There are 2 protein chains.
Amino acid sequence: MHRAGREIHYPPIVDLLDPYILLVHQGMVEQMFIDDLQERGIEVKRNTAFMDFAYGSAKSAALEVTCAVDVTHSKRTMRTSFVVGCDGAHSAVRKSIPGATPVGASSDAIWGVLDGQIDTDFPDLWSKAVVYSEEAGSVLLIPRERNLTRLYIELKPESRGSTSRDELSQEFVMHRAQEIMHPFELKWKTVEWFGRYQVGQRVATKFSDERGRVYIAGDASHTHSPKAAQGMNTSIHDAWNLAWKLNLTVRKLAKPALLATYEHERRKIAQDLINFDYEHANAFASGDSANLANNFRQNVRFISGIGAEYEPNVLNVNNKAMSGSGVAGGDGSSSSNGGGGLRPGCLPPPAKATRYVDANPIDVQLDIPMLGQFRIYFLCNSVPAARPFLDTVCGLAVSGSSFVGRISAAANASYTLQPPAAAPHDEFVRPARYTPVSGLFTFALVAGGDKGGFDMTDLPAALRDSAWTIYLDDVPHLDATGKGCTQKWLGGLSAGEVAVVVVRPDGYVGTVRVWADGGDRERGVEAARWLDEYFDGFLEA
Amino acid sequence: MHRAGREIHYPPIVDLLDPYILLVHQGMVEQMFIDDLQERGIEVKRNTAFMDFAYGSAKSAALEVTCAVDVTHSKRTMRTSFVVGCDGAHSAVRKSIPGATPVGASSDAIWGVLDGQIDTDFPDLWSKAVVYSEEAGSVLLIPRERNLTRLYIELKPESRGSTSRDELSQEFVMHRAQEIMHPFELKWKTVEWFGRYQVGQRVATKFSDERGRVYIAGDASHTHSPKAAQGMNTSIHDAWNLAWKLNLTVRKLAKPALLATYEHERRKIAQDLINFDYEHANAFASGDSANLANNFRQNVRFISGIGAEYEPNVLNVNNKAMSGSGVAGGDGSSSSNGGGGLRPGCLPPPAKATRYVDANPIDVQLDIPMLGQFRIYFLCNSVPAARPFLDTVCGLAVSGSSFVGRISAAANASYTLQPPAAAPHDEFVRPARYTPVSGLFTFALVAGGDKGGFDMTDLPAALRDSAWTIYLDDVPHLDATGKGCTQKWLGGLSAGEVAVVVVRPDGYVGTVRVWADGGDRERGVEAARWLDEYFDGFLEA
Ligand SMILES: Cc1cc2nc3c(=O)[nH]c(=O)nc-3n(C[C@H](O)[C@H](O)[C@H](O)COP(=O)(O)OP(=O)(O)OC[C@H]3O[C@@H](n4cnc5c(N)ncnc54)[C@H](O)[C@@H]3O)c2cc1C
Ligand SMILES: Cc1cc2nc3c(=O)[nH]c(=O)nc-3n(C[C@H](O)[C@H](O)[C@H](O)COP(=O)(O)OP(=O)(O)OC[C@H]3O[C@@H](n4cnc5c(N)ncnc54)[C@H](O)[C@@H]3O)c2cc1C
C-alpha cells in the first residue's frame, strides 16, 4: 500500500475566517437547538406524526393537518397556516404534496459505518483519509472527538453475495475493513455505533405545494451520500433560508414572491450538492486518487460552505447601469469583479473592521446578530465627503415618503404586537442595539480613513441611532489577506464614491451598488429610490 | 468639556492573538474555577478561617494549622505540608509569616464605584473613557456586559469634608459623578452595585516563610488601585506560578530552589504593577491627559499581560556561548535579539503552525494543554538534515543515562501512584496525547519545509510517540504579521541549524539555544547535556 497524495482541506485560496474542520456530532447540534427553543419557552412535541393535510375551502383558510399521536396512533387534527416537513428521507409531508417526486438514482453500493476507538499502525489515522484496495474496495477514515474514528466501509456486491443490507453484521463489516486496510493492523478497542446504508442521490421535483403553504426541507427534499458531510449542513441552511421568509410572510410584510425564492434557491443548492456528490462518489469508487483529489480541489469552496451560491431572483439582484446616474463601474457585480468579492446571492467575504463605539476589532460579516432583519451597509472613504448622500438616503429611508420607511414602520408595529420569543442570554446579545430603526432593517456604516474624520454627531439620525453598527475600515493588518473591508468587498472605492450593500437576513448579499458622487444629494435620492425598488420586489405593507 | 484624545488599547505593535478587551466579571471567573474543581471531585470548604500555624518539631514534619470553623468560630486543627494564603488584602496568613510586612503607601484618595445602566448624552459611553474636571475631579467609565457601565468616581477631600469613607452614600457619589460629567446629563436606570475604596499600594516584603512552607498570593501579597484592572489577573498568575511548583515539590521531584523562584518572580511583577499603577494613578489624578496617554502607551505591553516578564534565575536561563560547541549566534538571547521574540522569562510570541497529524492550523503557544509539564520544542528547517541531532538528543532524553530520562521516569512513577484529578471533559482534551513520554515533558517539533519532507516514521521514538505535537511551519499567511513560528520565535534558522526551546509548565520560556549543525550527532549529545544541566538546576529524583 502506498500514499498517493495529501491535500489541504482549506487551501489559502478559499478565504475563510475559520480554515479548519471542527467535528461536532449531530447530537450536539440538535441539543443546541432544543436548548435554545426551551430557553425561549418552546417545547418540541414528540410522538406526533404528520399523516396528511387538507386545504380549507377559502383560499386563505387554515390548513387542516391530521397527525397520529402517542403509542396508540390515535388521530388528531390541527389547524395551521403553513406546514414545513423536516421529516427526513421518507418524508410523509413530501408524499402529501402533489407532484413532489424524489428524482434521481439509488446506486447498489452498500456502505457500513462504524464509530469507535481504533488500534492501528496506519499512520494517517488522525487525518481524513481514503484507503483504496482494487479488489477489496474503499475505506474512508474520519477522525472524531474522544479518540473516536468514523469508518465508512464499502461493501462490494462480490463480497456480500445475497445477504440483504440489514443482515450485514458488524463483524462482517469489520472484517471487510481489515481486508481493505491490509497490511496495516486494524482493531477496535470500543465500538459506539454501527450502521449501514445504501447511497441514494435524489432531489424532489418540488419543494412546496402550488399554493405555497406546504414546504419540505432537509433530507425530506434531497438525499445523497454522506461522504461529503454536507447533509445536516445543507438541511440546516434549508431551514435557515425558509425561516425568515416565513416570519415576514406570517407578519404580512411579504409578497408571495418572497416565499417562492425558497425553492428557487435551495433546489439549486441541492442539485449542486448531488452533482458534486455524484462526481465525488464516482471518483471515490473508481479508486482514481488523482481524480478524487481533483474533484476535491474543484469543490473545496462548495464543501466549505462559501461556495453555496444562489442564482439571481427578486432577492439577489445584479444592477444594470443607470445611464447618467453617476453609478461607478456600471453595475454592482461588474464593479465587484473589479477586485472585490461581494456578489449578490453569495456570502460576503470575511472582513475585519473596528467598531466605532467601543473601538473593538470585529468581523464585519458576523458582528450584527441575525434577528430576521436586513442589513443596509453604507461604505465610503470619507464621511464628510459622503454626508450629503448619507443625509438624503438615510433621511428618506426612515420617512413615510419612501417604501423602505413605510415597510419599516409596519414591521415595527408587527414586532410591537408580537415580539420575538426572548431568552435570558439575549441580555448579553442586546438585540435592541441592532434594531434601533426597526425590526426589519439594521443600518450600518463602514467608513475609511481616520477616527478623527468624523464624530457620531456628524451622522444622519438613522446612523447616529445605530451606534453599534458604525465601523472604521482601519485594521487591514488583522485580516489574513492584509486587506480591509472595502477592499475585500468592493475592490476599493475612490474618494467621492459611496456604496450601498444590502445583506439578507440569512447573511447572503442581496444587492450592491456604487454611486460616484457622495457630495451630490440627488444621488442620495436615487439610492433611496433604488432601495425602494429592491424591497418592493418582495415586501409589502 | 472637550475630548483631549483617543488611544487604541492594543496597537499593532503589541503582538497579541486576541487584541481586544473582554470584560468578564469576577463572579464568572470564580464560578469557572469552582465548577472545574467540582468536576474533579474537589469541594471548596467554606466557613473555615485560617488563624495561625505552628511548625512541627522535625524539619520535615507537617505544619499544624489552627482554624475557626462555622458560625460558632470553634477552633479546629489540621496538619498539612504547605499553606498558601489567598486570603485577600487583610491576609491572616501574611500576618502569621514573620517579617512579611506590607510596604507602601495608602493615599488619602477615596473613590466610589457604581455599576449600573446609564442614561446619558455623553458620546463615549461604550469606550473606556476618562473624564477630568479641574475642580470636581475625575470619573473613569468602563463599559460592561448587559448594558452596564462601571464608573469610578473620585471623591476629593474638599467635597467630602469630614465624612468617613463608609458613610459616603450612593446618592453623594452619584451627585459627584454628575458634577464631573457636567454639561452632559447623567442618570441611572438601574444600579447593581455600589462601593467605595481607598487606594493602598503595597507589596509584602516576603511572599513566604523562611522554611518555604507557607506562601501568600494575590491581594494577600500586593494591593494597588483597581483602575488598571490588573488585580485579579495578577492574583491568578500568582497562583498559577505557584501551583505547578508546589505540585512538583509535593511529588518530591523538585529541589527547594524551584519553590524559591516563586517569590523572586512574582514579587518583581507586583513591584512592576505598583510602579505602573503609581504613575498611572498620578497621571490620572493630575488630569494631564497627555501624561496619562503617555503612561498608557509605555505600559500597554504590561497591561495586555505579555509585558509581565521574569528576571533570570534557575528557571529563566540565558545561555552563554559554549566555545567551539558550534552554537549559532553565541547565546540564546542574543540569537533571539537577532529578529526573534523568544526570551527566557517571557511569554513566547503568538505563532501559527499546522499540526502534522490532522493537518489543522493551530496556535503553537496554546496548542499543548497545560498539564503541569515542561514542553521541549525542537525547531529546524529540514528534518532529514537535523535527524542525527534529533536522534541523539531524543534518544538520550528518554534513556536512563541522562538526568532528563531519569527524572522523567521518576515523574511517571509518581503520576502512576497519584494521577491528576480527572474531569469528564478531559475526554475531549485527551491529556494522554500530550504526555506519551512522561507527565513531566512534552516533546514537540516545529519543522520548516514541505509536508513531503518527512514522515512520522522518520522521527526518533520520543517524537514519533508525540504525534499530536509535531508541527509544520508552513502557514505564515495565517499570522497577522505574516511570519511563521521559527521566524517569530528565533528570527529564522539557517539550513543546518536546530533550536531547542524549553517552555515552562506556566507557558513562560525557560531557556533556548541554537546549534549550528544538526547533521552532527555530537551536537545532539551536547544538547542532551545542556538540557540535563538546565533541569538539574531545580529538579531532583
Ligand atoms: C451515516 C451517516 C453519516 C452522516 N454524516 C453527516 C455529516 O458528517 N455531516 C452532515 O452534515 N450530515 C451528515 N449526515 C446527514 C444528516 O444526518 C442528515 O442530512 C440530517 O440528519 C437531515 O436532517 P433532517 O432534519 O432533514 O432529517 P432527519 O435527521 O432524518 O430528521 C427527521 C425527523 O423527522 C421525524 N419524522 C419522520 N417522519 C415523521 C412524520 N411523519 N411526522 C413527524 N415527524 C416525522 C423523525 O423521527 C426525525 O426526528 C449523515 C447521515 C448518515 C446516514
Ligand atoms: C472596586 C474594585 C474593582 C476591581 N476591578 C478589577 C478588575 O477590573 N480586574 C482585575 O483583575 N481585578 C480587579 N479588582 C481586584 C480584584 O478584585 C482582586 O485583586 C482579587 O479579588 C484578589 O483575589 P484574592 O483571591 O487574592 O483575594 P480576594 O478576592 O479578596 O479573596 C480572599 C478570600 O479569602 C477569604 N478569607 C479572608 N480571610 C480569611 C481567613 N483568615 N481564612 C480563610 N479565608 C479567608 C475571603 O473570605 C475571600 O473569599 C478590583 C477590586 C476592586 C475593589
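All values derive from a computational prediction rather than experimental measurement. Just so we're on the same page: letters track the sequence lines, and every chain starts at 1.
More than 12 heavy atoms of other residues, nucleotides or ligands lie within 6.0 Å of CE in M1(B), so this atom counts as buried by the packing criterion. For H477(A), the NE2 atom sits in a packed shell: over 12 heavy atoms of surrounding residues, nucleotides or ligands are nearer than 6.0 Å.
The structure places CG of D358(A) at 11.0 Å from CG of D124(B), a figure rounded to the nearest 0.5 Å. Remark: W126(B) CH2 to N360(A) CG distance equals 12.5 Å, nearest 0.5 Å.
Taking 4.5 Å as the limit, some side-chain heavy atom of N147(B) sits within range of a side-chain heavy atom of R433(A). You'll find the side chain of R430(A) reaches within 4.5 Å of the side chain of R146(B), heavy atoms only. Looking only at side-chain heavy atoms (C-beta outward), D455(B) and R3(A) come within less than 4.5 Å of each other.
Residues A359(A) and S127(B) share a closest heavy-atom pair of N-OG, 4.4 Å.
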